[in-house]
Amino acid sequence: MLDIRFVRENMPIVREAMRNRRADESILEGIEKLEAERRRLIAETDELRNRRNTLSKEVGKRKAAGESGEALMAEVRGFGEKLSALESELADVETKVRDVLLMVPNIPHESVPVGADENDNVEIRRWGAPRDFSFEPKNHWDIGESLGILDFERAVKIAGARFALYKGLGARLERSILNFMLDVHTGEHGYTEIFPPIMVNSASMTGTGQLPKFREDLFKIENSDYFLIPTAEVPVTNIHRDEILDEKDLPVCYTAYTPCFRAEAGSHGKDTRGLIRQHQFNKVELVKFTTPESSCEEHEKLTANAEVILQRLGLPYRVIVLCTGDMGFSSAKTYDIEVWLPGQGRYREISSCSNFGDYQARRAGIRYRPEGKKKNELVHTLNGSGLAVGRTLVAILENYQQEDGSVIIPDALRSYMGTDRIAAG
RNA sequence: GGAGAGGUGGCCGAGUCGGCUGAAGGCAACGGUUUGCUAAACCGUCGUAGGGGUAACACCUUACCCAGGGUUCGAAUCCCUGCCUCUCCGCCA
């Protein structure tokens, strides 16, 4: 959420940001009047309350002095109605202002390229070279099924479309990948491991920005206020909701493995086969809380931390910066890491690393005490996948497939797998 | 699931029969004095948010003692509902 004061004083900037994002500017209609009204009502109610409080104290004094406060009491009695009318009017206006603010996306960082859609994203760098195949590379679902390590048909029977069943070395590969990732991030990159609840309440979903705007993307548990998390970002960022952190503890860096659940509303027909787009998938997430001064630097580091995983696994990838039109709602700047998939002959997203600035922190009330200053300030929050586990498995199957149908296990995973190859039979 | 107890500032903890309590006291923290250094002692500061105000401070004011309602001239203090925590019993992994 943006600061109402910032919005009020910088309307042109806000409007331009929304235009650049292809967001619907019309929700800003009337916000200035509402905000002026809000402040007018605050002044009015405060004034009335002040008079009431003063007179009520006077009643107390008179009673203590043995006099009757009846006359005053009668006078103040009349305040009640006026006051509650004003209060409900104010509450109403405040809700309206807040509702608008919750629908306004973050302002893109100045370094973000302006663009309409994914075609305007800008590639920053590439690592590794796609391998030359002496045969026609297969896609991962064919590889997985013929090796007997992925079973999509039975997953449909058990749950439905967009679910997968991993079996034998397939299940083990998934587990190996996520353990490897966690070991690298905790052991080498200094992140603290978290294993959070994977169902959260609506306050947490609002804190990180999934609610109210993206409800249809979430799975909701019936007869409760619980939602299945779409990413560990939600529970992990909300660890410090409504807290004030010490500057000396910053940056706070967490990594968490969790299953993630997404309704994938509006993506009918996209990636219907294979593991790319599932209702349930595993992800290792990286989350940071930093000072405003260091958030850009920490963003680069976080992205680099995710890249290391691909490098260790020998998977070619590229990093792109999302343009204004393709960025997520709460993000100020996002790098996507895309891994090369020979089966598809193109790069596919495997990680998305975002700097949210103070946008989530304001919603979620996450602040810190700057050393030497009196005033608390909002932290900056960042997160990124480090990485999506299922898609990493896809990339390994496709990049390391052999002509005989077997798959070589990358060196980094062999100790986890207990084998160097997955072969049929 | 049954029966009790409770939710106060960064932490601990007091708040009498509702008024002068934004909240005693302690700890921690910060600034200072003292000290050969450390420790100790002493003095002071020390919640958050909104609005007004200021060049910026100062300052004024409102709200907040789990949340939401209610009673009252006036509520941390009384009543109701919800959420959460703890203890005991039962049950289950």
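Chain A is the first sequence line, chain B the second, and so forth, proteins listed ahead of strands; every chain is numbered from 1.
Environment of CD in Glu9(A): crowded, with over 12 heavy atoms of neighbouring residues, nucleotides or ligands closer than 6.0 Å. Open room surrounds CZ on Arg98(A); 12 or fewer heavy atoms of other groups in view lie less than 6.0 Å from it.
Using bins of under 30°, 30° to 60° and over 60° for the plane-to-plane angle, the ring pair His240(A)/Tyr254(A) lands in the parallel bin. Ring orientation note: the planes of His189(A) and His185(A) are tilted relative to one another, at an angle of 30° to 60°.
The partner of G4(B), taking Watson-Crick or G-U wobble pairs whose two distances both stay under 3.5 Å, is C86(B). Remark: C30(B) base-pairs with G44(B); criterion is Watson-Crick or G-U wobble with both hydrogen-bond distances under 3.5 Å. Shown here, A24(B) forms no base pair; nothing in the strands shown gives a Watson-Crick or G-U wobble contact with both key distances under 3.5 Å. If you check G36(B) for Watson-Crick or wobble pairing at under 3.5 angstrom, you find it has no partner at all. The pairing partner recorded for G53(B) is none, the criterion being a Watson-Crick or G-U wobble arrangement whose two distances lie under 3.5 angstrom. In this entry U71(B) has no Watson-Crick or G-U wobble partner, no candidate having both defining distances under 3.5 Å.
In terms of position along RNA chain B, the nucleotide closest to Lys61(A) lies nearer the 5' end than the nucleotide closest to the other residue of the pair Asp3(A) and Lys61(A). Positionally, the nearest nucleotide of RNA chain B for Ile244(A) lies more toward the 5' end than for the other of Ile244(A) and Arg8(A).
Looking at the side chain of Arg38(A), the nearest of the listed nucleotides G50(B), G19(B), G52(B) is G50(B).
Going from atom CE of Met73(A) over to atom C1' of G19(B) covers 12 Å, rounded to whole Å. Counting to the nearest Å, the C1' atom of A49(B) and the CD atom of Glu94(A) are 11 Å from each other. If you take CD of Glu377(A) and P of A49(B), they are 11 Å apart, rounded to a whole angstrom. Atoms CG (Leu86(A)) and P (A63(B)) sit 14 Å apart, rounded to a whole Å. Per the geometry, NZ belonging to Lys63(A) stands 12 Å off P belonging to G19(B), to the nearest Å. Between the CG atom of Leu90(A) and the C1' atom of A49(B) there is a distance of 14 Å, given to the nearest Å. Between the CG atom of Leu55(A) and the C1' atom of U72(B) there is a distance of 15 Å, rounded to whole Å. Between the CG atom of Asp242(A) and the C1' atom of A67(B) there is a distance of 13 Å, rounded to whole Å.
Within the structure, every side-chain polar atom (N or O) of Arg367(A) is placed at least 4.0 Å from both OP1 and OP2 of U48(B). An OP1 or OP2 oxygen of U62(B) is reached within less than 4.0 angstrom by a side-chain nitrogen or oxygen of Asn53(A). Not one side-chain nitrogen or oxygen of Arg52(A) sits closer than 4.0 Å to the OP1 or OP2 atom of U61(B). In this structure, Arg49(A) does not reach the U61(B) phosphate: none of its side-chain N or O atoms is under 4.0 Å from OP1 or OP2. Look at Asn50(A) and you won't find any side-chain N or O under 4.0 angstrom from OP1 or OP2 of U61(B). OP1 or OP2 of C73(B) sits under 4.0 Å from a side-chain N or O of Arg77(A).
Comparing the C1' positions of A41(B) and U34(B) gives a spacing of 8 Å, expressed to the nearest Å. Rounded to a whole angstrom, the distance from the P atom of G70(B) to that of A63(B) is 16 Å. Across the P atoms, G26(B) and G13(B) are found 16 Å apart, a figure rounded to whole Å. Taking atom C1' in both U72(B) and C17(B), one finds a spacing of 16 Å when rounded to whole Å. A58(B) and A67(B) have their C1' atoms separated by 36 Å, with the value rounded to a whole Å. Annotation: A49(B) and U85(B) have their C1' atoms spaced 26 Å apart (nearest Å). Look at the P atom in both U77(B) and U71(B): the space between them is 15 Å, to the nearest Å. Comparing G15(B) with C65(B), their C1' atoms are spaced 10 Å from each other, to the whole Å.
Among the atoms of the strands shown, none is found under 4.0 Å from any heavy atom of Arg40(A).
Asp358(A) places no side-chain N or O within 3.5 Å of a backbone atom of His380(A) that could act as its donor or acceptor partner. With hydrogens and angles ignored, the 3.5 Å screen pairs no side-chain donor or acceptor of Arg312(A) with any backbone N or O of Met181(A). The backbone N or O of Leu322(A) lies less than 3.5 Å from no partner atom in the side chain of Asp336(A), so there is not a single donor-acceptor pair.
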